[in-house]
Amino acid sequence: MSVLIVIPARHASTRYPGKPLVELRGASGQARSLIRRSWDAAMAVSGVDRVVVATDDTRIRDHAAGFGAEVVMTGTACRNGTERCAEALSNLGIAPEIVVNLQGDAPLTPPWFVEDLVAGLRADAGAAVATPVLRCTGRMRADLIADRHAGRVGGTTAVFGHDRQALYFSKEVIPFAAGDFGDAEPSPVFHHVGVYAYRPDALAEYASWDEGPLERLEGLEQLRFLERGRRILCVEVESRGRQFWELNNPEDVSRLEAMMQAMDLD
């Protein structure tokens, strides 16, 4: 097997309990659950051998199986999606070239984000982990800042060096930039797209480490790699006219539905 996509999903989210089962209405008015839309997004990616939903909750298991998804059960001790992906891979007993963690709160992830991510990891023999970053327009940057001012934990931002190796990820809007940018104007801020591609040995290594202090403070699982001195390759992806946002808070439901309406996505 070459590429496995795992969609980790848990019901007991601190900020938004039951989030994977929340329904989103597309442009035609059809309602589908968040986990179903994430599954559909994964199935649209080319060059993938297998897609599984990884969960510890029977409600999510039964719902996902009902629309035809393959489900692998994992334990309740998983602290984040990366740990759940590691356990899912172990339970499946397979050895893919690359494991993709397509988190179940990003149903607007277009297929080329994942395709470009996998290509980026394959092209860098020294990289064991890769993740996509999307340059924010002025409007996206303003939305991220508005979330923080309102006390909401919204999207994550990333900073990286000239070699595209991650320097840091934060739920604050970094880097700081004075002044405003036009709605469609490129800004210096990069939105971290919550998808990861791992080589299996990196995934297994991650699961053996304790949670780090920065990971705990920010609530960002990828910081465990950086705290252990492991590189994360940032792969810049292009929006190609598509809007992107993740479902982090209940307030994001209407935002995602408005985006689907504007893009005529069902």
Side-chain angles (χ1 to χ4, degrees), residues 6 8-20 54 56 74-87 101-106 127-136 140-161 163-178 187-198 202-235 244-252 255:
V6 180
R10 66 184 183 122
H11 197 277
S13 169
T14 303
R15 281 181 286 148
Y16 198 167
K19 183 169 67 171
D56 60 3
T74 54
T76 57
C78 295
R79 290 169 290 188
N80 57 47
T82 301
E83 288 190 1
R84 199 171 303 282
C85 286
E87 185 175 335
N101 172 354
L102 180 61
Q103 301 192 71
D105 57 6
V129 183
T131 195
V133 292
L134 177 67
R135 186 182 290 276
C136 288
M140 289 176 66
R141 174 178 175 269
D143 286 344
L144 290 168
I145 292 171
D147 270 352
R148 297 305 299 126
H149 286 171
R152 293 188 294 269
V153 178
T156 298
T157 57
V159 291
F160 47 87
D163 57 358
R164 297 287 165 173
Q165 301 304 316
L167 299 174
Y168 197 63
F169 299 88
S170 182
K171 287 179 179 173
E172 293 292 350
V173 181
I174 57 174
F176 168 77
S187 83
V189 173
F190 281 85
H191 190 162
H192 172 238
V193 179
V195 183
Y196 304 93
Y198 322 94
L203 196 53
E205 190 176 33
Y206 180 96
S208 72
W209 297 328
D210 291 331
E211 184 182 45
L214 293 175
E215 175 190 1
R216 190 176 305 113
L217 285 168
E218 291 267 12
L220 296 175
E221 63 203 87
Q222 68 271 34
L223 290 177
R224 193 180 306 182
F225 283 113
L226 296 186
E227 290 186 83
R228 293 281 178 162
R230 301 303 193 269
R231 299 192 311 154
I232 299 178
L233 176 68
C234 291
V235 178
F244 176 79
W245 201 260
E246 296 158 342
L247 201 159
N248 296 298
N249 305 285
E251 296 88 346
D252 292 324
R255 177 179 285 172

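Counting begins at 1 with the first residue of the sequence. Remember, predicted model here, so these are calculated numbers, not experimental data.
- With rounding to the nearest 0.5 Å, the separation of CD in Glu83 from CG in Asn101 is 11.5 Å.
- Under the 3.5 Å distance criterion, the side-chain polar atoms of Ser187 are matched with a main-chain donor or acceptor of Cys136.
- Taking 4.5 Å as the limit, some side-chain heavy atom of Trp245 sits within range of a side-chain heavy atom of Leu144.
- Annotation: side chain of Val195 is in contact with side chain of Leu102 (closest heavy-atom distance under 4.5 Å).
- Every residue meeting the side-chain hydrogen bond (donor to acceptor under 3.5 Å, both in side chains) condition with Thr82, not counting sequence neighbours, appears here in chain and number order: Tyr198, Glu221.
- In this view, Glu246 satisfies the salt bridge (Lys or Arg N to Asp or Glu O under 4.0 Å) rule with no residue, not counting sequence neighbours.
- Between Ala130 and Val235 the shortest heavy-atom distance is CB-CG2, 4.3 Å.
- Two residues are said to be in side-chain contact when any heavy atoms from C-beta on lie closer than 4.5 Å; Pro213 and Glu227 meet this criterion.
- Pairs passing the side chain to side chain donor-acceptor pair (under 3.5 Å) check and including a residue from residues 142-152, sequence neighbours excluded, read Arg139-Asp143, Asp147-Arg152, Arg148-Glu172.
- With sequence neighbours excluded, the residues satisfying ring pair (Phe, Tyr, Trp, His ring centres under 6.0 Å) with Phe190 are Phe160.
- Taking the six-membered ring for Trp and thresholds of 30 and 60 degrees, Phe244 and His191 have ring planes more than 60 degrees apart, a perpendicular arrangement.
- Here Cys234 contributes atom SG and Leu134 contributes atom CG; the two are 12.5 Å apart, rounded to the nearest 0.5 Å.
- Closest non-hydrogen pair, Leu233 versus Asp163, comes out as CD1-O, 4.4 Å.
- Scored by the side-chain hydrogen bond (donor to acceptor under 3.5 Å, both in side chains) test, Glu218 finds Tyr168, Ser170 as partners (sequence neighbours excluded).
- Annotation for Pro175 and Pro188: closest pair CD-O, 3.6 Å, computed over non-hydrogen atoms.
- Counting only heavy atoms from C-beta outward, the side chains of Phe169 and Thr131 approach each other to under 4.5 Å.
- Applying the side-chain contact (heavy atoms from CB on, under 4.5 Å) test to Arg231 and every residue at least two apart in sequence or in another chain returns Asp124, Ala127, Gln165.
- Here the shortest heavy-atom pairing between Leu247 and Lys19 reads O-NZ, 3.1 Å.
- Among all heavy-atom pairs drawn from Leu223 and Leu214, the shortest one is CD1-O, 3.6 Å.
- Note that SG of Cys78 and CZ of Arg84 are 4.5 Å apart. Values are rounded to the nearest 0.5 Å.
- Summarising the geometry, atom OG1 belonging to Thr76 is positioned 6.0 Å from atom CG belonging to Asp56; distances are rounded to the nearest 0.5 Å.
- The CD1 atom of Ile232 sits 15.0 Å away from atom CZ of Arg164, with the distance rounded to the nearest 0.5 Å.
- Between Thr157 and Val189, the shortest heavy-atom distance links the atoms CG2-CG1, 3.6 Å.
- In this structure, Arg224 is not positioned above the aromatic face of Trp209 in the sense of NZ or CZ being under 6.0 Å from the six-membered ring centre and within 45° of the axis.
- Just one of Glu215, Glu211, Gln103, Gln222 meets the side-chain hydrogen bond (donor to acceptor under 3.5 Å, both in side chains) condition when paired with Asn80; it is Glu215.
- Ion pairing between a basic and an acidic side chain is recognised when a charged N comes within 4.0 Å of a carboxylate O; Arg230 and Glu205 show such pairing.
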